[in-house]
Protein chains: 4
Amino acid sequence: MTRALGKRLPIFEAAVAVFSEKGFARATMEEIAKRAGIAKGTIYYNYRSKKALFLSLIEEGIERLETAVKREIARKEDILGRLEALIGAQLSFFEEHRDYCKILLSEVWGLGNRWEKQVERLRSGYISIIKELLQKGQAEGVIRKNLEVDTAATALFGAVAVAALNAFVFETRYRYDSILQTLKDLLLGGIREPAGTVAAPES
Amino acid sequence: MTRALGKRLPIFEAAVAVFSEKGFARATMEEIAKRAGIAKGTIYYNYRSKKALFLSLIEEGIERLETAVKREIARKEDILGRLEALIGAQLSFFEEHRDYCKILLSEVWGLGNRWEKQVERLRSGYISIIKELLQKGQAEGVIRKNLEVDTAATALFGAVAVAALNAFVFETRYRYDSILQTLKDLLLGGIREPAGTVAAPES
Amino acid sequence: MTRALGKRLPIFEAAVAVFSEKGFARATMEEIAKRAGIAKGTIYYNYRSKKALFLSLIEEGIERLETAVKREIARKEDILGRLEALIGAQLSFFEEHRDYCKILLSEVWGLGNRWEKQVERLRSGYISIIKELLQKGQAEGVIRKNLEVDTAATALFGAVAVAALNAFVFETRYRYDSILQTLKDLLLGGIREPAGTVAAPES
Amino acid sequence: MTRALGKRLPIFEAAVAVFSEKGFARATMEEIAKRAGIAKGTIYYNYRSKKALFLSLIEEGIERLETAVKREIARKEDILGRLEALIGAQLSFFEEHRDYCKILLSEVWGLGNRWEKQVERLRSGYISIIKELLQKGQAEGVIRKNLEVDTAATALFGAVAVAALNAFVFETRYRYDSILQTLKDLLLGGIREPAGTVAAPES
DNA sequence: TATGAATGAGCTTTCATTCAT
DNA sequence: GATGAATGAAAGCTCATTCAT
């Protein structure tokens with residue numbers, strides 16, 4: 001998102017669609033151009049290369065995700081509320097942009113160093129948001145101190161992302177609210193039935 | 001894993017390495033052959049195509065993961081113990097085979113439809129193991145009934161996988177025990193400091 | 001022959017030459033490209049595949065042959081004159097395009113089923129022209145009724161084609177008029193010295 | 001046909017079948033071996049190369065054709081009877097060995113110099129049989145002197161071969177006797193209704 | 001004799017990229 | 001600014017041939 005996006009927006013949107021459907025390697029500039037309704041050469045007039053186009057996608061995608069997440073977080077005062085908001089924002093973002101969900105999982109998280117430093121920065125940038133919340137929560141005593149924030153943050157991201165992928169991409173039918181509630185319950189309260197509760201047998 | 005693996009094992013191992021480093025599309029038969037120390041044609045003598053080789057990899061990988069997980073689960077009697085065992089087995093498998101960790105995340109989970117029915121079957125086969133544990137636990141009253149098992153199972157898988165990827169692939173230094181403990185705590189008990197607990201200030 | 005043949009004509013001509021020299025299977029795109037003075041990829045920019053290029057060749061070839069034959073036939077009024085014209089036109093076409101002569105014989109007539117429906121249609125399309133002439137001639141009483149038109153038509157085609165191949169491809173020296181006259185005599189009047197004729201000893 | 005054909009016969013027969021179905025280039029040693037019920041290496045134990053196997057096929061094929069033709073010719077005294085016998089023998093040979101019919105037309109006649117000198121010798125060897133008959137007949141005054149024997153001989157061969165191919169390979173249903181009679185009539189007597197004959201309307 | 005695993009040259013095809021218009 | 005014809009490097013795949021057993 002740099003120049004006065006003349007033809008840039010259509011290209012961008014077509015690229016998101018094609019990259020998410022085919023993955024980076026099997027996506028072709030030809031198809032992106034066709035879907036954007038322009039000539040192939042025009043893409044090169046706006047982006048240096050296929051890779052540059054892709055990176056700009058990733059960057060934009062993570063930026064949008066961050067923006068959405070930060071906006072939702074800001075609305076809550078307490079840490080736990082903010083974590084819930086984060087889970088909700090990420091899930092909702094992935095529902096609306098299942099394109100990105102696939103791309104992020106398979107090409108950014110799933111590929112290790114395969115991509116540039118740039119991508120790595122974005123990845124750890126996003127994870128940091130979660131980490132900071134966790135750390136603040138630990139300091140305030142609302143989050144368990146024995147959790148290693150690094151691990152917990154990535155696990156949290158992974159849980160939401162994979163569940164989102166499963167529901168929005170693999171399954172055609174799903175109940176959004178139910179998924180959201182389950183994720184919040186699971187991540188905040190754990191799988192286990194709380195100790196104090198009298199586990200009333202399902203009679 | 002079919003014939004009396006003449007050159008099959010070296011091919012297999014080289015393929016795992018290359019596919020995990022480059023991803024399916026950017027991996028070349030040439031490189032796999034070179035790394036296996038054989039001629040390109042020999043791969044085709046043993047596997048019908050690049051795709052077939054890859055699928056056999058996936059299949060074998062998920063099979064091994066399942067085997068390891070099931071073995072560990074079988075050692076425990078109670079459901080929660082089994083869930084802990086599952087988390088541990090998956091984490092340990094991903095540490096030992098970080099190749100597979102990347103391949104599974106980026107090409108199997110991360111790709112929706114892009115692969116064959118066969119892969120989809122394997123994927124949901126593995127998830128079923130988790131789902132069954134959760135359902136049994138809910139019946140026994142040790143797992144919270146309000147969790148949607150589908151979502152919870154995929155989230156659990158995703159949490160472990162992404163955390164493993166982060167530690168074993170992105171970071172060079174990590175403390176295995178710490179990660180394992182964090183995942184168990186997080187997934188079984190949740191992020192939140194248990195209610196009853198007197199949140200002892202971090203003195 | 002579709003688009004405003006940019007590089008199509010040179011490709012086409014090079015392809016005719018190479019296919020005729022080497023046959024379909026042993027002809028390489030590399031050589032066709034080199035002979036057309038273009039890059040290999042350019043062929044694929046103009047034709048979907050090697051097979052498509054070849055089929056377009058066959059189609060064009062039979063079309064040209066048909067056009068030439070029909071033009072010559074149209075100039076004569078009587079059936080026998082038309083048959084002579086057909087023999088002459090086919091022979092002359094094969095002399096001018098000995099490339100096609102080889103391709104047609106070896107890949108179209110010589111291959112049974114091996115090629116597409118499309119080729120079969122072209123083949124029987126051309127044979128039909130001869131068949132119709134024969135049938136009309138039988139109806140008019142100038143052609144022997146006991147001849148099976150199917151057999152006679154293919155035999156006539158084969159006689160001219162193989163004789164043409166022999167003269168124009170295998171032999172370097174030949175007398176065109178003599179060949180033409182022999183074919184006309186043979187096919188219209190037969191090998192046998194007419195009965196009534198007093199076989200004047202070769203004085 | 002040299003060594004004590006130990007495994008040679010099965011190979012030979014399988015080769016004829018496969019070469020005729022697929023043509024030289026698309027036939028594979030693998031398939032020939034499988035169809036002969038032996039291992040691939042065994043073919044190389046009996047024939048120096050694919051080409052050598054193929055050439056031995058051609059040689060054998062033309063030899064068999066020549067033998068059959070000469071046998072039938074020898075039974076007749078007069079030239080015209082011999083020519084009829086030749087037509088009959090060639091047609092019958094092609095019916096029984098439609099394999100050879102295809103191979104001969106597409107790979108031997110249809111390919112010009114593409115094959116070895118050896119094949120050329122065989123080809124012109126067979127044509128010579130026809131030529132000699134024609135020359136003798138011209139000397140005896142039963143065959144028209146104005147026919148160029150070279151052209152007439154190849155035309156005769158081509159007429160029978162292409163008609164045979166058309167009937168035996170392209171069509172599934174055909175009446176052998178009718179085809180034979182038509183070819184004899186056509187080639188000996190010509191297409192044209194004999195002049196003296198009162199063209200009796202088809203009452 | 002017979003085998004079949006192994007080879008690698010060679011082929012078709014794809015596609016990111018360039019550049020004259 | 002925009003185009004799309006042209007390119008050629010690179011990849012998957014086939015198969016005649018070899019050779020240790």
Side-chain angles (χ1 to χ4, degrees), chain A residues 3-4 6-7 11 24-34 36-54, chain B residues 3-8 11 25-34 36-54, chain C residues 3-8 10-11 25-33 36-53, chain D residues 3-4 6-7 11 24-34 37-54:
Chain A
R3 299 197 211 174
K7 288 280 173 326
I11 294 175
F24 177 78
R26 289 178 46 214
T28 71
M29 298 300 262
E30 185 67 46
E31 187 175 356
I32 294 173
K34 194 166 292 173
I38 54 158
K40 200 172 8 169
T42 310
I43 301 183
Y44 285 89
Y45 192 82
N46 287 277
Y47 294 89
R48 202 177 338 72
S49 65
K50 186 186 182 184
K51 199 163 163 181
L53 170 58
F54 184 71
Chain B
R3 299 194 216 175
L5 23 84
K7 285 279 153 5
R8 274 178 104 96
I11 294 174
R26 288 180 46 215
T28 74
M29 298 301 261
E30 187 64 47
E31 188 176 355
I32 294 173
K34 196 165 290 173
I38 56 163
K40 200 179 2 171
T42 308
I43 302 184
Y44 286 92
Y45 189 77
N46 287 278
Y47 295 89
R48 204 164 41 279
S49 65
K50 186 185 182 185
K51 197 162 161 184
L53 170 58
F54 183 73
Chain C
R3 297 195 216 174
L5 22 83
K7 285 277 154 4
R8 272 178 106 96
I11 294 174
R26 292 180 44 214
T28 73
M29 297 301 262
E30 187 65 46
E31 188 176 353
I32 294 173
I38 55 163
K40 203 177 0 173
T42 308
I43 302 183
Y44 285 91
Y45 189 77
N46 287 278
Y47 294 89
R48 203 162 46 278
S49 65
K50 186 185 182 185
K51 197 163 162 182
L53 171 58
Chain D
R3 298 195 214 177
K7 286 280 174 330
I11 295 175
F24 178 79
R26 288 179 45 215
T28 72
M29 298 301 262
E30 186 66 46
E31 189 177 354
I32 294 172
K34 193 166 293 172
I38 55 161
K40 203 176 1 173
T42 310
I43 302 184
Y44 284 88
Y45 191 80
N46 286 277
Y47 293 89
R48 204 181 329 73
S49 66
K50 185 186 184 186
K51 199 163 164 182
L53 171 58
F54 183 71

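As a basis for the values below, the full set of heavy atoms in this structure was taken, side chains included, without hydrogen atoms, waters or symmetry mates.
Separating the OH atom of D:Tyr47 from the C1' atom of F:dA16 is a distance of 17 Å, rounded to the nearest angstrom. Residue C:Asn46 contributes atom CG, which lies 15 Å from atom P of E:dT13 at whole-angstrom precision. Going from atom CD1 of D:Ile43 over to atom P of E:dA2 covers 13 Å, rounded to whole Å. Atom pair B:Lys34:NZ and F:dA11:P shows a separation of 10 Å (rounding to whole Å applied).
Taking both residues in full, the closest heavy atoms of C:Ala25 and D:Ala25 are given as CB-CB, 3.1 Å, listed atom of the first, atom of the second, then distance.
Of the candidate nucleotides E:dA6, E:dT7, E:dT3, E:dT7 has the atom nearest to the side chain of B:Ala39.
In this structure, CD1 on B:Ile32 lies 10.0 Å from CZ on B:Phe54, to the nearest 0.5 angstrom. A distance of 8.0 Å separates NZ of D:Lys34 from OG1 of D:Thr28, quoted to the nearest 0.5 Å. If you take OG1 on C:Thr42 and CD1 on C:Ile11, they are separated by 6.5 Å, rounding to the nearest 0.5 Å. Once rounded to the nearest 0.5 Å, the distance linking CZ of C:Arg8 with CD1 of C:Ile38 reads 11.0 Å.
Pair check for E:dA20 finds F:dT3; Watson-Crick or G-U wobble, both atom distances under 3.5 Å.
D:Phe24 carries D:Lys50 over the face of its six-membered ring, with the cationic atom under 6.0 Å from the centre and within 45° of the normal.
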Seminar exercise, completed: Nucleotide by nucleotide, nucleotides 14-21 of chain E touches protein heavy atoms under 4.0 Å in the pattern (B base, S sugar-phosphate only, - none) BSSBB---
